[in-house]
Amino acid sequence: MSKKHVAVLMGGFSSERPVSLSSGNACADALEAEGYPVTRVDVGRDVVEVLSRLRPEVAFNALHGPFGEDGTIQGVLEYLEIPYTHSGVLASALSMDKERAKKVARAAGIPVAESRVMNRFDIGHEHPMKPPYVVKPVREGSSFGVVIVKEGQANPPQVIGSTDWKYGDVVMVERFVHGRELTCAVMGDVALGVTEIVPLGHAFYDYDAKYAAGGSKHECPAKISPNIYQKIQTLSLKAHQAMGCRGVSRSDFRYDDRFSENGEVIWLEINTQPGMTPTSLVPEIAAHAGHRFGELLSWMVEDASCLR
């Protein structure tokens, strides 16, 4: 039986274009190795015209950042009636907005850190929250624009109000959660394994720690107690379902075990378009669960649909 013609959507025009190209090419190579006819599409403003001409049977969405994972390209694919991978319009838009995603998570009983959303120009010279805290753009991925304000720091970082800031005027100010960085992938209705991310030479899991070779070490599976491991899996699946996600997602957590093994587990965010680069977490977690990279991608292609 012939396999479906897959258009791998990559590149685009967000800050995460380099990561998307890396993800997209890795996915295209693996899908070709699995026997799928693949067309690589570097997404531009003419994407509707390009896809209308190609008429692929499935669009594999390897885009990252705004346009690619905020419901926009998903809406384009719905309009063109091309089945696509990952989450649909609403779940994508909701998950990309950190403020709204946290409201849904909190309503579902998922523990989140205290935070407030404000205009970056209102932060000024007074701390909007007692340090330590984190300032994040509300609609960016890959840790772009994340600033950690440490305990004892006299003033908020002036870069937030400067002309150098390019991540939008609305930011989230969130209590800094001490501890370890944990992440868990969900595939369909199954929570896979939990990985601990240990940044090497970085204060936190920033862009370079995520994507540069040697930027971080992944402990897969995470060396944590069975009850915390299971708790992370349960919360990841709950977040996936509460947001209305489909296909593959990945939830990120902080686990503060400084004072007790049970400690504090805090959900940070859900990624509806997890990276698929050679250093990415989901392929590694899936492999540990027994799914080869090509098998994982094949499952995602066969899972693709509209009205997600």
Side-chain angles (χ1 to χ4, degrees), residues 3-51 53-70 72-74 76-77 80 82-87 92 96 140-144 183 185 187 195 205-216 218 220 247-250 271-288 291-304:
K3 295 201 172 183
K4 296 170 183 173
H5 172 209
V6 181
V8 178
L9 310 185
M10 64 178 90
F13 29 82
S14 80
S15 304
E16 298 180 66
R17 174 178 169 81
V19 182
S20 175
L21 287 171
S22 182
S23 282
N25 282 309
C27 291
D29 290 345
L31 286 169
E32 285 173 340
E34 294 294 314
Y36 288 93
V38 171
T39 303
R40 299 166 199 239
V41 179
D42 188 344
V43 171
R45 300 290 178 185
D46 60 347
V47 64
V48 172
E49 179 188 340
V50 171
L51 290 173
R53 186 176 68 251
L54 281 176
R55 294 309 304 177
E57 292 167 272
V58 171
F60 190 101
N61 186 4
L63 293 166
H64 298 306
F67 187 82
E69 57 183 305
D70 61 2
T72 308
I73 190 65
Q74 291 81 4
V76 169
L77 294 166
L80 294 173
I82 298 172
Y84 57 97
T85 59
H86 300 84
S87 295
S92 300
M96 189 71 175
E140 281 283 352
S142 289
S143 302
F144 279 112
T183 193
M187 181 178 173
T195 287
Y205 193 45
D206 61 8
Y207 181 87
D208 288 336
K210 280 180 166 78
Y211 301 116
S216 61
H218 301 165
C220 182
V248 168
S249 75
R250 199 193 82 227
N271 301 276
T272 56
Q273 296 285 133
M276 292 285 178
T277 71
T279 58
S280 292
L281 291 152
V282 168
E284 187 176 61
I285 293 169
H288 184 264
H291 306 285
R292 282 190 306 104
F293 188 46
E295 289 172 348
L296 170 66
L297 300 181
S298 295
W299 179 88
M300 294 170 76
V301 167
E302 299 306 323
D303 175 70

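Along the sequence shown, the residues carry numbers beginning at 1.
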Asks: For His288, which residues count as a side-chain hydrogen bond (donor to acceptor under 3.5 Å, both in side chains) partner, sequence neighbours excluded?
Replies: none
Asks: List in chain and number order the residues that pass side-chain hydrogen bond (donor to acceptor under 3.5 Å, both in side chains) with Lys4, two or more places apart in sequence or in another chain; answer none if no residue qualifies.
Replies: Glu302
Asks: Would a distance-only check, ignoring hydrogens and angles, find a side-chain to backbone donor-acceptor pair under 3.5 Å from Ser20 to Arg17?
Replies: no
Asks: Got a sec, which residues hit side-chain hydrogen bond (donor to acceptor under 3.5 Å, both in side chains) with Thr183, two or more places apart in sequence or on another chain?
Replies: Arg250, Asp252
Asks: Among residues two or more places apart or on two chains, list those pairs meeting ring-ring contact (aromatic ring centres under 6.0 Å, His included) that have a residue in residues 14-48.
Replies: none
Asks: Run the side-chain contact (heavy atoms from CB on, under 4.5 Å) test against Pro83 and tell me which residues pass, sequence neighbours left out.
Replies: Ala304, Cys306
Asks: Would you say His5 and Thr39 are linked by a side-chain donor-acceptor pair, where the criterion is simply a distance under 3.5 Å?
Replies: yes
Asks: For Phe67, what residues pass the ring-ring contact (aromatic ring centres under 6.0 Å, His included) criterion, not counting sequence neighbours?
Replies: Phe13
Asks: Name all residues meeting the side-chain contact (heavy atoms from CB on, under 4.5 Å) criterion together with Ser87; count only those two or more places apart in sequence or in a different chain, and write none if there are none.
Replies: Ala91, Ser92, Cys245, Thr272
Asks: Can you sort out the partners of Tyr84 under ring-ring contact (aromatic ring centres under 6.0 Å, His included), two or more places apart, ordered by chain and number?
Replies: none
Asks: Which residues pass the side-chain contact (heavy atoms from CB on, under 4.5 Å) test with Val48, not counting sequence neighbours?
Replies: Ser52, Val76, Leu80
Asks: Return each pair, listed once, that meets salt bridge (charged side-chain N to carboxylate O under 4.0 Å, His left out) where at least one residue sits in residues 23-39; pairs must be two or more places apart or across chains.
Replies: Asp29-Arg40, Glu32-Arg40, Glu34-Arg292
Asks: Output all residues satisfying side-chain hydrogen bond (donor to acceptor under 3.5 Å, both in side chains) with Ser298, sequence neighbours left out; order by chain, then residue number.
Replies: none
